[in-house]
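In what follows, a structure is listed as structure tokens, so that the remarks can point back to it.
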Amino acid sequence: MQKLKLAVLVSGSGTNLQSLIDAQKEGYFNSEIALVVSNKASAYGLTRAENAGIKALVIKSDKELLDALLENEIDLIVLAGYLKVISSELINAYENKIINIHPSLLPEYGGHGMYGLYVHEKVFADKKDQTGATVHYVTAEVDEGPIIIQKKLIVDYDVIKSPEELQKAVLVIEHQILKEAIKIIEEQ
Ligand code: GRF
């Protein structure tokens, strides 16, 4: 069982980051969140990191990001609501060591422009009877890397009345499978 040094990249609220912080505290996995990075100084995820005593950085360039990851000897990068496209230089430097959580059952509702609430608005408009979330490896093709874990949500439209409610329901699944993905990778 490996013990990995994780960097979690966020652009917003950071509820997925929080689920990893809580999982680490509970001993759910062996790995350690060593660094949290955001491209937005206003990201609440940075506050979650500071509250948990984790080093948090606001980064503006891909070079700065790569330097910080190497400096902190990061083993695995977790994209958790990070809305900036990752450079090919970083993908090459961390081949098969970058994972992303996406709020749909990829390959459905993935790709450029498909992120956050947009995904749920599309699923809701299409009245899909199921959706879910996916953790996958990051490659040069957005949302097309090998899948590590997926989990389905059967959508009950008598209960789920809006894209926002769908997003909330899918986030619960995201928080579950993201920590499971870390454990799967530790055991490889
Ligand atoms: C999540 O739904 C994630 O799948 C998507 O962006 C959202 C981020 O949520 N990429 P949070 O910041 O972790 O709460």
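What you see is a predicted model; the values in this text were computed from it and never measured. Atoms considered below: every heavy atom in the structure, side chains included; atoms not considered: hydrogens, waters and symmetry mates. Indexing begins at 1, ligand by ligand and atom by atom, following the structure's order.
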Does Lys179 make a cation-pi contact with Tyr28, if we ask for NZ or CZ under 6.0 Å from the ring centre and within 45° of the axis? yes
Is it the case that over 12 heavy atoms from other parts of the model lie below 6.0 angstrom from the NZ atom of Lys5? yes
Closest to atom 9 (O) of ligand 1 (heavy atoms only, candidates Asn100, Asn16, Leu20, Val135) is Asn16
the protein heavy atom lying closest to atom 4 (O) of ligand 1 turns out to be Glu174 OE1, 2.6 Å
Is there a chain of hydrophobic side chains (I, L, V, M, F, W, Y, each step under 4.5 Å between heavy atoms) that links Leu90 to Ile99? no
More than 12 heavy atoms of other groups within 6.0 Å of Tyr157 OH: yes
Does the residue Val10 have a heavy-atom contact with ligand 1, meaning some pair of atoms that are separated by less than 4.0 Å? no
Looking only at protein heavy atoms, identify the closest one to atom 14 (O) of ligand 1 and say how far it is in Å. Thr15 OG1, 2.6 Å
Spatial distance of atom CG (Asp67) from atom CG (Asn72) [nearest 0.5 Å]: 11.0 Å
Would you say Gln167 has any N or O atom under 3.5 Å from an N or O of ligand 1, going by distance alone? no
Looking only at protein heavy atoms, which one is nearest to atom 10 (N) of ligand 1, and what is the separation? Ile101 O, 3.5 Å
Got a sec, which pairs hit salt bridge (charged side-chain N to carboxylate O under 4.0 Å, His left out) with one end in residues 78-101, sequence neighbours left out? Asp62-Lys84
Neighbour count above 12 (heavy atom, 6.0 Å) for Glu187 CD: yes
For Gly81, atoms of ligand 1 separated by under 4.0 Å from a heavy atom: 6 (O), 8 (C), 10 (N)
Distance check, rounded to the nearest 0.5 Å: Asn39 atom CG versus Leu83 atom CG? 7.0 Å
N/O separation below 3.5 Å, Leu17 to ligand 1: no
State the atoms of ligand 1, each with its element, that fall below the 4.0 Å cut-off from a heavy-atom position in Pro103. 2 (O), 4 (O)
Ligand 1 and His120, any nitrogen or oxygen pair closer than 3.5 angstrom? no
At what distance is the nearest protein heavy atom to atom 12 (O) of ligand 1, and which residue and atom is it? Gly14 N, 2.8 Å
